[in-house]
Amino acid sequence: MWITFALLLGTMPVAWGCPVCSSPTGVQVREGIFNESFWRNAAVTLAPFPIFAAGVAWIFWGGKPRASNENKH
Amino acid sequence: MKTNTEFNFRPLIGAGVLLGLGMGGFFDGILFHQLLQVHNMLSATVPKTSIPNIEVNMFWDGLFHAFTWITTLLGIMALWRAGKHAEVPWSTRTFVGSLFVGWGFFNFVEGLIDHHLLGVHHVVERLGVSIFDYAFLASGVIFMLVGWAVIRSGKQREVEHVWHPGMVKQRM
């Protein structure tokens with residue numbers, strides 16, 4: 001897998017602008033991601049997920065457990 | 001044969017909501033970010049005016065989708081576990097309703113936080129805050145209400161027609 005990854009990196013055209021590309025555009029992309037705003041952007045991107053988790057946790061473990069019905073025979 | 005069994009819908013609802021959250025996230029990402037390309041994760045603060053900016057947005061889209069994928073995986077695991085418990089009725093209506101609740105929850109929370117509170121992107125970026133942002137919030141509320149109604153109807157119905165995957169194991 002690492003050999004494949006290394007081959008991919010080595011054969012990428014200079015003009016490509018991906019985060020792992022060794023090109024002027026790639027450098028700009030990396031600088032645009034890994035800069036002083038990195039942690040702020042990460043927090044902003046993932047901000048909804050703690051609320052999702054809280055909602056799901058409430059469904060599984062919150063409130064009073066209620067029996068919906070009894071199956072009587 | 002069951003007698004005086006208490007049904008527990010929570011595991012099935014929880015699993016459905018998790019899967020609805022994940023599927024809702026993927027629907028948003030595939031339709032708005034990739035097919036229509038009307039916005040990306042940080043397109044309001046990092047405008048897509050250059051190749052590097054487009055790539056930067058794609059990175060943060062990827063992080064968001066990684067967590068959406070994890071949410072979906074947790075939903076699959078929760079659903080599998082729910083199927084192993086005899087007290088959890090295998091109710092189609094409850095499950096489908098839960099999917100809609102999860103999807104609606106995604107739309108409402110993500111829309112409120114990202115489109116309105118943080119302003120990191122909008123549904124149609126070139127319009128800024130628009131009717132589409134409010135429609136997105138409304139879709140979340142509507143999906144949750146519809147899902148809740150379907151869950152309630154499922155609970156009423158499944159009282160008489162209870163089945164779950166564990167029953168096959170019992171008969172064997």
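So that the names make sense, note that chain A is the first sequence line, chain B the second, and so on, each numbered from 1.
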### For the student: nearest non-hydrogen atoms of B:V56 and A:V29, plus distance
CG2-O, 3.8 Å
### Message
Between B:D114 and chain A, with a heavy-atom cut-off of 4.5 Å, which part of the residue counts as in contact: side chain, backbone, both or neither?
### Response
side chain
### Query
Quick one: which of B:V17, B:T71, B:I13, B:L74 gives a side chain to side chain contact (heavy atoms under 4.5 Å, CB included) with A:V56?
B:V17
### B:L145-B:V101 co-clustered via ILVMFWY side chain contacts under 4.5 Å
yes
### Neighbour count >12 (heavy atoms, 6.0 Å) for atom CD1, B:I131
no
### Task
For A:F49 and B:I70, run side-chain contact (heavy atoms from CB on, under 4.5 Å): C-alpha distance rounded to whole Å, both residues' side-chain angles, the deciding distance at 0.1 Å, then the answer.
CA-CA 11 Å; A:F49 285 94; B:I70 291 170; over 6 Å; no
## Note on the structure
In short, A:C18 meets B:E55 closest at the heavy-atom pair CA-OE1, 3.9 Å
### Task
Is it possible for you to say whether B:F100 and B:M23 belong to one hydrophobic cluster, with membership spreading through side-chain heavy-atom contacts below 4.5 Å?
no
### Query
Quick one: what part of A:L46 sits under 4.5 Å from any heavy atom of chain B, side chain, backbone, both or neither?
side chain
### Task
Return yes when atom CZ of B:F26 has more than 12 non-hydrogen atoms of other residues, nucleotides or ligands closer than 6.0 Å, and no otherwise.
yes
### Query
Can you tell me how far the OG1 atom of A:T45 sits from the CZ atom of B:F64, to the nearest 0.5 Å?
8.5 Å
### Message
Can you tell me if B:Y134 has over 12 outside heavy atoms packed within less than 6.0 Å of its OH?
### Response
no
### Query
Out of curiosity, B:F59 CZ to A:F34 CZ, how far, rounded to the nearest 0.5 Å?
4.5 Å
#### Entry: Shortest non-hydrogen contact between B:A78 and A:F60, atoms and distance
CB-CZ, 4.1 Å
### Query
Do you know which of B:G25, B:P52, B:A15, B:S98 has the most heavy-atom pairs with chain A at a distance under 4.5 angstrom?
B:P52
### Separation between CG of B:L42 and CD1 of A:I33, rounded to the nearest 0.5 Å
10.5 Å
### Query
So which of B:L21, B:I51, B:N53, B:T45 has the largest heavy-atom pair count under 4.5 angstrom toward chain A?
B:L21
### Query
Which bit of A:A42 comes within less than 4.5 Å of chain B, counting heavy atoms only: side chain, backbone, both or neither?
both
### Message
Is any side-chain heavy atom of B:F105 closer than 4.5 Å to one of A:I51?
### Response
yes
### Query
Are any of the side-chain heavy atoms of B:L18 and A:F52 separated by less than 4.5 Å?
no
